[in-house]
Amino acid sequence: MPLLESLSPLAASLNLLLILLSMLTSAFTAAVGAGGGVLMIMALAQVMPAAALIPVHGMVQLGSNVGRTVMTWRHIDRMTLAAFLPGVALGALAAAWLLIRLPAGVLELCIAAFVLFTLWGPGLSGRALGRVGTLIVGAVTTLLSSLVGASGPVVAAFIKQRQTGRLAKVATFSACMVAQHLTKAFVFGMAGFVFHDWLALMLAMVAAGFLGTWLGLRLLHRLSERRFDALFRWALTLLALRLAWLGAQNLGLGLD
């Protein structure tokens, strides 16, 4: 399989597996509303060098979210997106120059706590859901995304509070994530990451992601609002619990 071998420094079988995984995780996110990105980074972490993990994941997720945004653009909440974008810019600038990082595990626990509170707590106040709150969420999650690559559940949980329809949730979440992942090209380019070595694999995964998005959106149109909300809530809950478990492990809290 010389073509598959030429896609990246990984073995041909791993390249094929990642391409198929991109299709499946894109379909999952399109149908359920979130979660595919976290599943993807968990899989990439098993086979990819640490230095390539977050930038490659970011570019693949960029392509996947572009596909969902294009296919659902009529349902985007433009006011939410307009408030989110300045925060993305601030978060990207902070990530590009940040030298001090929190201890391993703290970020994961913070993300998990926020997501679980948003899903099962009393709900965010009107002020937190306003323009300033949305800007802050954009800045903080972009910073987190560049450091740990796991901000999707936070953005999705926040979008859930602002949107009512399932298509509006998927469309607005995807548009926000396009902006967020786009900044990684800037952040990791400044850090000296060489995207060229992984470009062919990223393009193949993006193409597979478009197919997965199309399949997932077909399933989404068949889901009722009630069933979508239940799937969305429980998918985010499971992801948050897993992040909490990983965070506790990284802090050495004895959960092995």
Side-chain angles (χ1 to χ4, degrees), residues 1-32 34-68 70 95 101 104-105 107-108 111 144-153 174 177-178 180-217 219 235 238-239 241-243 245-247 249-250 255-256:
M1 295 182 287
L3 179 59
L4 286 173
E5 289 178 352
S6 66
L7 293 180
S8 82
L10 300 176
S13 58
L14 290 178
N15 287 333
L16 178 59
L17 182 62
L18 292 178
I19 291 169
L20 294 175
L21 183 67
S22 179
M23 181 178 69
L24 292 174
T25 54
S26 293
F28 183 85
T29 300
V32 179
V38 176
L39 294 175
M40 173 66 75
I41 201 168
M42 286 162 45
L44 292 179
Q46 308 304 313
V47 300
M48 190 167 284
L53 178 60
I54 295 180
V56 170
H57 173 264
M59 294 305 98
V60 172
Q61 290 303 113
L62 171 62
S64 180
N65 281 285
V66 165
R68 277 192 297 279
V70 169
R101 300 185 182 184
L107 288 172
E108 289 89 341
I111 292 171
L144 290 175
S145 182
S146 296
L147 296 180
V148 299
S151 68
S174 299
M177 296 308 290
V178 165
Q180 199 166 85
H181 287 303
L182 188 60
T183 65
K184 291 183 182 178
F186 162 74
V187 172
F188 289 99
M190 287 192 63
F193 180 75
V194 181
F195 285 95
H196 179 268
D197 294 343
W198 300 89
L199 181 60
L201 176 61
M202 289 190 294
L203 291 175
M205 291 176 70
V206 167
F210 272 95
L211 176 59
T213 293
W214 180 77
L215 293 171
L217 288 176
L219 177 59
L238 291 173
L239 291 170
L241 291 174
R242 188 183 186 283
L243 280 174
W245 179 71
L246 289 175
Q249 275 195 322
N250 289 333
L255 297 182
D256 295 332

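The structure displayed is predicted, hence computed values, not measured ones.
Interatomic distance, OG1 of Thr29 versus CG of Leu217, reported as 10.5 Å (0.5 Å rounding). Atoms CG and CD1, on Leu24 and Ile19 in that order, are 12.5 Å from each other to the nearest 0.5 Å. If you take CE on Met202 and CE on Met59, they are separated by 7.0 Å, rounding to the nearest 0.5 Å. Rounded to the nearest 0.5 angstrom, Leu10 CG and Leu16 CG are separated by 12.5 Å.
Looking at Arg68 and Ser26, their side chains come closer than 4.5 Å, going by heavy atoms from C-beta outward. With contacts defined as side-chain heavy-atom distances shorter than 4.5 Å, the pair Val206/Phe210 qualifies. Between Leu14 and Leu4, the closest side-chain pair of non-hydrogen atoms is not below 4.5 Å. The shortest side-chain heavy-atom distance between Thr25 and Leu21 falls under the 4.5 Å cut-off.
Scanning for side-chain contact (heavy atoms from CB on, under 4.5 Å) contacts around Leu219 gives Ala31, with sequence neighbours left out.
At least one donor-acceptor pair under 3.5 Å links the side chain of Ser6 to the backbone N or O of Leu3. No donor-acceptor distance shorter than 3.5 angstrom exists from the side chain of Ser22 to the backbone of Leu18, with no hydrogens or angles considered. For the pair Thr183 (side chain) and Gln180 (backbone), a donor-acceptor distance under 3.5 Å is present.
Here the closest non-hydrogen pair linking Asn65 and Ser174 is OD1-CA, 3.5 Å.
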